[in-house]
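Lettering follows sequence order; numbering is per chain, from 1.
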There are 2 protein chains.
Amino acid sequence: MLHDPAQLDLMFQALADPARRQMVDRLSRGPASVSQLAEPLAMSLSAVVQHLNLLEASGLVRTQKVGRVRTCQIDPKALRAAEHWINERRLSWERRLDRLGDFLAETRDET
Amino acid sequence: MLHDPAQLDLMFQALADPARRQMVDRLSRGPASVSQLAEPLAMSLSAVVQHLNLLEASGLVRTQKVGRVRTCQIDPKALRAAEHWINERRLSWERRLDRLGDFLAETRDET
DNA sequence: ACAATACTGAAGCGTTTACTTAACTATTGC
DNA sequence: GCAATAGTTAAGTAAACGCTTCAGTATTGT
């Protein structure tokens with residue numbers, strides 16, 4: 001369910017916006033309320049809530065409301081899924097380069 | 001220059017689109033021409049070129065034209081930069097959890 | 001009870017995105 | 001030289017985005 005392409009899509013989409021990455025960055029240092037997330041951002045609370053809803057839909061952030069404050073925190077599993085996608089492609093490319101290197105080394109030996 | 005926030009922005013933006021991720025996926029298995037990249041995609045060549053230009057601007061893909069064919073390949077350094085951003089935030093969060101665990105363990109000892 | 005706080009939701013609006021088509025420029029093969 | 005191939009560029013368009021404002025709902029403090 002974490003490798004569901006639709007979920008991956010939502011995650012990368014969520015990470016594409018600088019404001020949302022800033023929110024993730026803030027949350028990486030610890031949980032925060034909506035207002036605390038909004039504080040460093042030059043936009044209305046309402047806009048922040050909209051970003052937050054996207055982050056939550058993407059699975060990157062989980063929230064829970066106690067009384068009137070919504071507390072947000074990162075879900076590291078989701079972050080790991082995005083990380084993994086990139087890592088796989090990079091490794092695939094690098095393995096290819098290695099094989100190519102081996103091949104070139106071998107053909108040089110055949111004098 | 002790889003940690004330039006503007007460049008990071010372009011990278012995540014580039015990765016946000018499914019078609020572009022599919023192109024990166026294809027390129028992770030080896031270099032390809034524009035037409036080869038376009039083949040599995042249900043859109044015009046023109047659209048593919050536009051995506052490709054974005055990928056190149058983001059630094060994720062490098063291309064070189066020989067004769068009339070443009071050959072594309074991944075730049076793993078750029079992939080690593082995106083990977084790194086995510087990894088740092090995830091680790092920061094997980095370290096926080098560890099410290100919290102230690103704290104709870106200690107306070108339990110104080111009977 | 002009343003005011004302040006902490007969000008939430010809907011409507012609207014200008015900008016950006018992801019395409020399309022169509023016209024064009026190089027190369028390459030015959 | 002001529003046609004086919006490979007890619008590029010510009011213009012247009014519909015839909016998605018990132019906001020704003022404003023009006024509303026709970027909850028909390030006095």
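Exactly one of Leu54(A), Leu10(A), Leu55(A) qualifies for a side chain to side chain contact (heavy atoms under 4.5 Å, CB included) with Leu60(A). That residue is Leu55(A).
Listed for the Ser28(A) side chain is no donor-acceptor partner under 3.5 Å among the backbone atoms of Ser92(B). Side-chain N or O atoms of Arg26(B) include none that pairs as donor or acceptor with a backbone N or O of Leu37(B) at under 3.5 Å. For Gln7(A) (side chain) and Ser58(A) (main-chain N/O), a donor-acceptor pair under 3.5 Å exists by modelled atom type.
Going from atom CG of Leu37(A) over to atom P of dT8(C) covers 11 Å, rounded to whole Å. Distance Glu39(A) CD to dA6(C) P: 12 Å, rounded to the nearest Å. The CG-P distance, from Leu55(B) to dT17(C), rounds to 14 Å in whole Å. Rounded to whole angstrom, the span from the CG atom of Asn53(B) across to the P atom of dA10(D) amounts to 11 Å.
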Across nucleotides 16-23 of chain D, 5' to 3', mark each nucleotide with B, S or - according to how protein heavy atoms within less than 4.0 Å reach it. -SSBBB--
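Distances shorter than 4.0 Å separate none of the side-chain N or O atoms of Ser35(A) from OP1 or OP2 on dT5(C). Lys65(B) has a side-chain polar atom (N or O) that falls below the 4.0 Å cut-off from OP1 or OP2 of dT8(D).
Residue whose closest nucleotide on DNA chain C sits further toward the 5' end, between Val49(A) and Arg68(A): Arg68(A). Comparing Gly67(A) and Thr71(B) along DNA chain D, the residue whose closest nucleotide (by nearest heavy atom) sits nearer the 5' end is Thr71(B).
For Glu56(A), the side chain to side chain donor-acceptor pair (under 3.5 Å) partners two or more places apart in sequence, or in a different chain, are Thr63(A), Arg70(A). Looking at residues two or more places apart in sequence or on another chain, you find a salt bridge (Lys or Arg N to Asp or Glu O under 4.0 Å) between Arg21(A) and Asp9(B).
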